[in-house]
Every structure is written in structure tokens, then in C-alpha cells.
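Below is one structure; the comments refer to it alone.
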Amino acid sequence: MTEKIRVRYAPSPTGHLHIGNARTAIFNWLFARHYQGQFVIRIEDTDLARNVAGGEKSQLDNLKWLGVDWDEGPDKPNPEYAPYRQTERAKLGIYDRYIQELLDQGKAYKSYKTEETLKAEREAQAAAHQAPHYVYEYAGMDADQIKAAQVKDEAAGLKAVVRFRVSEDHDYQWQDIVKGKVKINSKEIGGDWVIQKADGMPTYNFAVVIDDHLMEITHVLRGDDHVSNTPKQLMVYDALGWQAPKFGHMALIIKAETGKKLSKRDEDTLQFIEQYRELGYLPEAMFNFIGLLGWSPVGENEIFTREQFKDMFDETRFTKANAKFDAKKLAWVNNQWMRAEKDRVMPQLIAELVKAGLISQQEADQQADHLAKIIEIAGVDGIKATSEIAPLATYPFFKLHDISDEDKAAWLDTEAGKQVTSAFAKAAAALTADDFTAENLMKLIRQLQTDLAIKGRPLWNPIRLITTHEVQGPNLPEILAVMGRDWTLKNIQETLV
RNA sequence: GGCUCGAUGGUCAAGCGGCUAAGACGUCGCCCUUUCACGGCGAAAUCUCGGGUUCGAUUCCCGAUCGAGCUACCA
């Protein structure tokens with residue numbers, strides 16, 4: 001590819017960054033970075049009613065968190081292309097200018113049909129088993145008659161929208177970067193469509209074309225759900241005499257349970273980047289997982305850094321079929337990353353202990369090393385997200401369970417149990433605080449094994465029970481060494497009384 | 001309903017006319033081990049179905065089936 005690549009991610013500020021949006025952003029970013037092109041962010045906020053306060057900020061924050069940066073955007077304007085919010089562009093009259101041009105050329109016209117009329121038309125079409133389509137309201141009229149009708153509607157106080165005059169029968173086709181050749185006839189568009197709404201705002205399908213052209217976007221990589229918008233956009237490019245960018249429509253990410261497109265309204269699937277962020281997923285892991293959805297590299301590895309993705313990117317390797325979102329694999333990917341980035345993750349893990357109320361912030365700050373050891377042996381290697389550490393570390397490190405009657409009967413009240421616990425209590429007390437190491441404790445228990453001729457669970461469980469109140473858990477000598485002599489002896493004493 | 005697109009194990013997927021059809025997640029088993037987790041080893045499991053084309057189809061073509069997307073003054 002020799003031309004300069006300019007791609008964009010164009011979110012609507014209607015809420016948090018969704019997994020599907022994130023994927024679009026990530027692949028566009030990859031596309032730009034791989035070919036040393038430029039990545040632009042544009043805010044498509046023409047639907048005033050759906051914009052939510054903070055939506056734009058949240059989108060951008062989460063993008064940054066993922067490690068996706070941009071060369072131009074609302075916060076980073078290039079004067080040649082700014083502004084980057086469609087509402088601001090609309091105020092500048094950017095869209096009006098081209099709407100007027102189309103109006104002047106007769107390629108678009110003012111339409112005064114009311115919502116009620118349109119609704120009734122569609123219902124009638126549905127009843128007649130016809131595809132819903134817009135019926136041209138000025139059929140058979142000459143220019144003067146049209147003018148007269150419009151003047152009359154205007155006088156009646158009706159608000160006009162501007163509709164694009166769609167050709168009767170024209171094939172719109174393009175070579176899609178992921179799907180190959182796609183062809184859609186103008187008959188399937190559903191009739192003349194609105195390019196300017198009654199409130200004066202351009203519609204998405206129109207504004208996108210104007211902006212992509214003006215911003216010199218060369219490639220548009222977006223979701224499959226935009227395929228049917230493409231012919232509409234193509235006809236605007238044609239009407240204005242512009243060259244369309246190359247399009248690529250990526251297969252969608254669908255819900256594992258239903259096989260349907262992930263919908264922002266589903267509350268049972270975690271599908272916002274924000275949610276994973278709060279659970280303690282690593283941005284690298286999210287990027288890694290998403291980068292492998294609907295796209296695959298050449299080799300056999302599964303764990304990659306952003307840099308590696310950037311180097312490997314190849315727009316010919318997109319999958320054509322939809323991909324189900326597999327939360328288990330995401331968890332595995334995150335686990336891989338957590339282990340690779342343990343130093344960086346440790347403060348987050350400690351913060352989780354504070355959050356869970358197990359320790360105070362002050363303790364967290366003062367005992368970072370000690371807490372790190374606890375976390376390490378509590379089982380970081382097995383967790384999928386940082387938020388999972390608190391339940392793992394609570395017992396026995398910060399609280400003790402009550403010993404159950406069954407455990408007591410099975411391990412402590414037996415003859416062997418009594419022997420083991422009293423011998424261990426004595427031997428442990430004989431160790432100084434400095435000698436209270438995992439190594440020495442292991443040696444001590446091995447000695448007990450020899451002396452008492454008891455081994456396996458009958459040996460270990462009683463000791464585990466009187467010190468930690470558990471019959472299973474991480475390596476016992478390590479627990480005791482980390483928690484220390486005082487803690488151990490105190491537990492033994494309280495338990496044996 | 002119409003249009004567009006898609007179809008390899010439960011999931012993500014490699015494959016691009018000839019292979020014992022990669023790999024990963026998950027599942028199961030074994031090993032390690034006082035237990036849990038981690039780790040190691042191994043196993044089960046896939047080309048939707050018909051027709052063609054071809055010496056030969058998972059791969060190319062057609063049809064069926066199934067699935068998804070779209071069908072707004074939302075993006």
C-alpha cells in the first residue's frame with residue numbers, strides 16, 4: 001500500500017465504550033499504525049436526543065486505557081480538518097452547503113410528509129406484504145407543481161426534511177476489504193431517504209460521507225451492520241462527484257447464548273470495556289482478546305502485545321463469519337497477562353484488599369511487601385481478574401473460619417490428631433521468630449512425620465487446622481512463615497484451648 | 001417477507017484442489033503434591049446437506065438448509 005492511509009473511529013457519544021466499538025477502534029488503529037497512517041477520532045453526535053452527558057469523555061478515556069491513541073480528534077484538532085464533532089460542523093454550515101448543492105441540482109428535494117402519513121404508508125405496505133418503502137410524493141408533477149405543493153405545505157406550517165432522490169434501478173457495488181465484492185441495487189434502499197432532518201441536522205448516512213471526504217479518509221473499517229448503509233453513502237459520493245474510500249465490513253461479535261448481535265441493552269453480558277476495567281482486567285489483555293476476535297495472525301501464539309499486533313496486522317486476514325464472545329477465553333488471556341505483569345498488577349491487588357475492607361489504606365501502604373507475599377501464596381496464578389484476590393486471601397490471612405464439627409472430629413479429636421497437634425505446638429514454639437521460615441517449618445513437619453510415623457493428610461490436616469482453621473489451601477509452611485510466629489502460636493493456643 | 005452476507009470440534013480458529021484437517025479456550029484423564037491452585041503430559045471432539053467441475057474436493061460452482069445483519073427524521 002503506497003497511498004497515505006487515513007482511517008477513523010467515529011463513535012456516537014451515547015454511552016460507554018462497547019466491546020464491539022472497541023474492536024472497530026482497535027482494528028482501525030492497527031490499520032493506521034501498521035501502515036504509518038493516521039488515525040482520527042470523530043464524534044457523531046447528530047442525534048441530539050440520544051447524546052448522553054459524559055459519553056464522549058467515557059469513550060475517549062476507555063480508548064486511552066486500551067492503549068489506543070489518535071493523531072486527530074476533538075481534543076487534538078488539526079486546523080485543516082477541524083472541528084471533529086458533527087454538531088460543531090453542522091453549526092459551521094458544512095453540511096448545509098452540500099445539501100443545498102444537491103437541492104440545486106435536483107438530486108435532493110424537500111419533503112413534507114408527516115410522521116403519521118409515513119407510518120400509515122408503511123402499515124399499508126406491510127398489510128400488502130410489500131417491503132416498506134418511501135413513496136415519492138411528487139410523482140407525475142412538473143417543477144412548478146412541485147414548487148406550488150411545497151409552498152402550500154410550508155404555509156401550512158409543516159416542517160420539511162430533505163430527501164435524496166434515489167435512482168430507480170442502479171447497482172451499487174464495491175470491493176469490500178473483508179467480504180469481497182458486494183452488490184446492492186438501489187431498489188433495495190427503501191426509497192428516497194432523509195439526508196437532513198427536520199431539526200436541521202444531517203442524518204448519519206449523509207454526514208458520514210461529507211466528513212469522510214473532507215477529512216480525506218481513505219479506508220472505512222466498520223461493523224457488518226453497516227453493509228446496507230454503504231449503497232446510500234455511495235450514491236452521495238456519486239452525486240457530489242467524489243471518490244469513495246475503500247470499505248471493509250467486519251463480521252460482528254455476537255452473544256454466546258443467543259447468537260445475536262451484542263446489544264447495549266442486554267444487561268446479562270458484560271460488554272462494556274468499563275466493566276472489565278472495574279473487575280480488574282488488564283488493558284493489554286482486553287486488547288489482546290479483542291484483537292483476536294474475527295481476525296487471526298499467521299502463527300500459533302495467542303498472547304500478543306499491541307506492538308506485535310501492529311506489526312502483524314494484515315487486512316486480508318479478517319474472518320468472514322460472526323464470532324461468539326467467549327468470556328472464558330478472555331479470562332484466560334487476562335490471567336496470562338496478569339502473570340506476565342505481576343509487578344505492575346501487585347498494587348492493584350493490594351488495592352483490592354483495601355476495597356474489600358480487609359485492611360486499611362494505611363496498612364496497605366506500610367506493609368506492601370508483606371501483603372505481596374500473602375497475595376503471592378494465596379494464589380495469584382489462578383485468578384482471572386484482580387477483583388478475585390480478596391475472596392482468596394480473606395481466609396486464613398485476614399480472618400479465620402470456625403472449625404467445623406466434622407473437621408474437628410475427623411482430624412483433631414483422634415489419637416493421631418492429638419499427637420500431631422501437641423507435638424507441632426511444642427516444636428513451633430521452640431523456633432525463634434527469625435527461624436520461623438518456610439524451610440524450617442517444612443523440616444520440622446518432616447521430623448514429626450518420622451517421629452510419629454504419621455504421614456499424609458493425617459499429619460498435615462491437624463496442623464493446618466489448628467493454625468489456619470482450614471483443611472486445604474496454599475502451601476502450609478509458606479503461609480505460616482509469612483504470617484509469622486506470633487500469629488501461628490496465637491492461633492494454636494486459641495484453638496487448642 | 002425482501003435484500004446482503006456467512007457456515008471447519010462446545011467456543012475462537014488455521015487451511016486457500018491431494019495433509020494422519022494446525023493451534024488456543026473449555027471439557028475429561030493422568031502426573032506433580034499434605035490439600036487447592038499453578039504447572040507438565042495425554043485424550044475425546046470438526047469440515048451442514050445435496051448435486052456438479054475434477055484423476056481427486058473441507059477447499060471451486062450451483063441449490064437446499066441453517067445462522068446473522070439490515071429493512072428509521074438511530075448511529
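Side-chain atoms are counted along with the backbone in the values below, which use heavy atoms only and exclude waters and symmetry mates.
Side-chain atoms of A:Y109 and A:Q150 include no donor-acceptor pair closer than 3.5 Å. Counted by atom type alone, A:Q233 and A:N229 present zero donor-acceptor pairs between their side chains at under 3.5 Å. Side-chain N/O atoms of A:R222 and A:T230 include a donor and acceptor closer than 3.5 Å. Counting only N and O atoms by type, the side chains of A:D224 and A:H249 include no donor and acceptor under 3.5 Å apart.
Comparing B:G2 with B:U58, their P atoms sit 32 Å apart, to the nearest whole Å. Nucleotides B:G26 and B:A64 have their P atoms positioned 40 Å apart, rounded to a whole Å. Nucleotides B:C5 and B:G23, compared at atom P, are 34 Å apart to the nearest Å. Nucleotides B:A57 and B:A21, compared at atom C1', are 13 Å apart to the nearest Å. Annotation: B:C41 and B:C25 have their P atoms spaced 12 Å apart (nearest Å). Taking atom C1' in both B:U46 and B:U59, the straight-line distance is 15 Å, to the nearest Å. With P as the reference atom, B:G6 and B:C38 are 40 Å apart, rounded to whole Å. Between the P atoms of B:U4 and B:A43, the separation comes to 46 Å (whole Å).
In this pair, A:F247 and A:W174 present their aromatic rings perpendicular. The plane angle is above 60°, beyond the 30 to 60° band. Classified by interplanar angle (parallel below 30°, tilted 30° to 60°, perpendicular above 60°), the ring pair A:F309/A:F287 is tilted.
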Tabulate below the donor-acceptor pairs under 3.5 Å that side-chain atoms of residues 40-49 of chain A make, not counting sequence neighbours, or state none.
unit_1 : atom_1 : unit_2 : atom_2 : d
A:R42  : NE     : A:E44  : OE2    : 3.0
A:R42  : NH1    : A:D212 : OD1    : 2.9
A:R42  : NH2    : A:E44  : OE2    : 2.8
A:R42  : NH2    : A:D212 : OD1    : 3.0
A:E44  : OE2    : A:Q86  : NE2    : 3.2
A:D45  : OD1    : A:Q86  : N      : 3.2
A:D45  : OD1    : A:T87  : N      : 2.9
A:D45  : OD2    : A:T87  : OG1    : 2.7
A:D47  : OD1    : A:A49  : N      : 3.3

Contacts under 3.5 angstrom, residues 472-482 of chain A side chains, donor-acceptor by atom type, not counting sequence neighbours:
unit_1 : atom_1 : unit_2 : atom_2 : d
A:N475 : OD1    : A:E478 : N      : 3.3

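Between A:L392 atom CG and B:C38 atom C1' there is a gap of 12 Å when expressed in whole angstrom units. The CH2 atom of A:W411 sits 14 Å away from the P atom of B:U34 (whole-angstrom rounding). Here the P atom of nucleotide B:G69 and the CD1 atom of A:I254 are 8 Å apart, to the nearest Å. Here B:C36 presents its P atom at 16 Å from CG of A:D381, a figure rounded to the nearest Å. When the C1' atom of B:U11 is taken as reference, atom CD1 of A:I253 falls 14 Å away, rounded to whole Å. In this structure, A:N322 atom CG and B:A68 atom P are separated by 9 Å, rounded to whole Å. One interatomic measurement links the two molecules: NZ of A:K187 to P of B:G1, which rounds to 21 Å at whole-angstrom precision. Rounded to an integer number of Å, the gap from A:R222 CZ to B:G69 C1' is 13 Å.
Shown here is A:K107, whose NZ atom has more than 12 heavy atoms of other residues, nucleotides or ligands within 6.0 Å.
Side-chain proximity of A:S296 to the nucleotides B:U35, B:A14, B:U34 is greatest for B:A14. Side-chain proximity of A:A321 to the nucleotides B:U34, B:C12, B:A7 is greatest for B:A7. The side chain of A:R339 has B:G39 as its nearest neighbour among B:A68, B:A13, B:G39.
Using a 4.0 Å heavy-atom distance criterion, A:G294 is classed as a sugar-phosphate-only contact. Nucleic acid contact class of A:L459 (heavy atoms, under 4.0 Å, all strands): none. Within 4.0 Å (heavy atoms only), A:K455 reaches no atom of the nucleic acid at all. Looking at heavy-atom distances under 4.0 Å, A:K183 makes contact with sugar-phosphate atoms alone, never a base.
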Open item on the list: Strictly under 4.0 angstrom, non-hydrogen atoms only: write out the protein contact profile of nucleotides 21-27 of chain B, one letter per nucleotide from the 5' end, B, S or -.
Closed with: -SBBSS-
Open item on the list: Treating primed atoms plus P, OP1 and OP2 as sugar-phosphate and everything else as base, which nucleotides of nucleotides 70-75 of chain B get B, S or - for protein heavy atoms under 4.0 Å?
Closed with: SS-BBB
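Taking OH of A:Y276 as the start and CE of A:M286 as the end, the distance is 6.0 Å to the nearest 0.5 Å.
For the pair A:K179 and A:P297, nearest-nucleotide mapping onto RNA chain B gives the more 5' position to A:K179.
Annotation: A:Y172 is not in aromatic contact with A:Y237 [ring centroid separation under 6.0 Å not met].
The shortest distance between the side-chain N/O atoms of A:R464 and the OP1/OP2 oxygens of B:C36 is not below 4.0 Å.
Using a 4.5 Å heavy-atom cutoff, the side chains of A:R23 and A:I253 are in contact.
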- [ ] For RNA chain B, just give me the dot-bracket, please: Watson-Crick or G-U, both distances below 3.5 Å, ( ) intra-strand, [ ] crossing earlier pairs, | paired with another strand, . unpaired.
- [x] ((((((((.[[[..)..(....]]].(((((.......)))))....[[[[[..)....]]]]])))))))....
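With sequence neighbours left out, the ring-ring contact (aromatic ring centres under 6.0 Å, His included) criterion links A:F206 to no other residue.
The cationic group of A:R163 lies under 6.0 Å from the six-membered ring centre of A:Y134 and within 45° of the ring axis, placing it in a cation-pi geometry.
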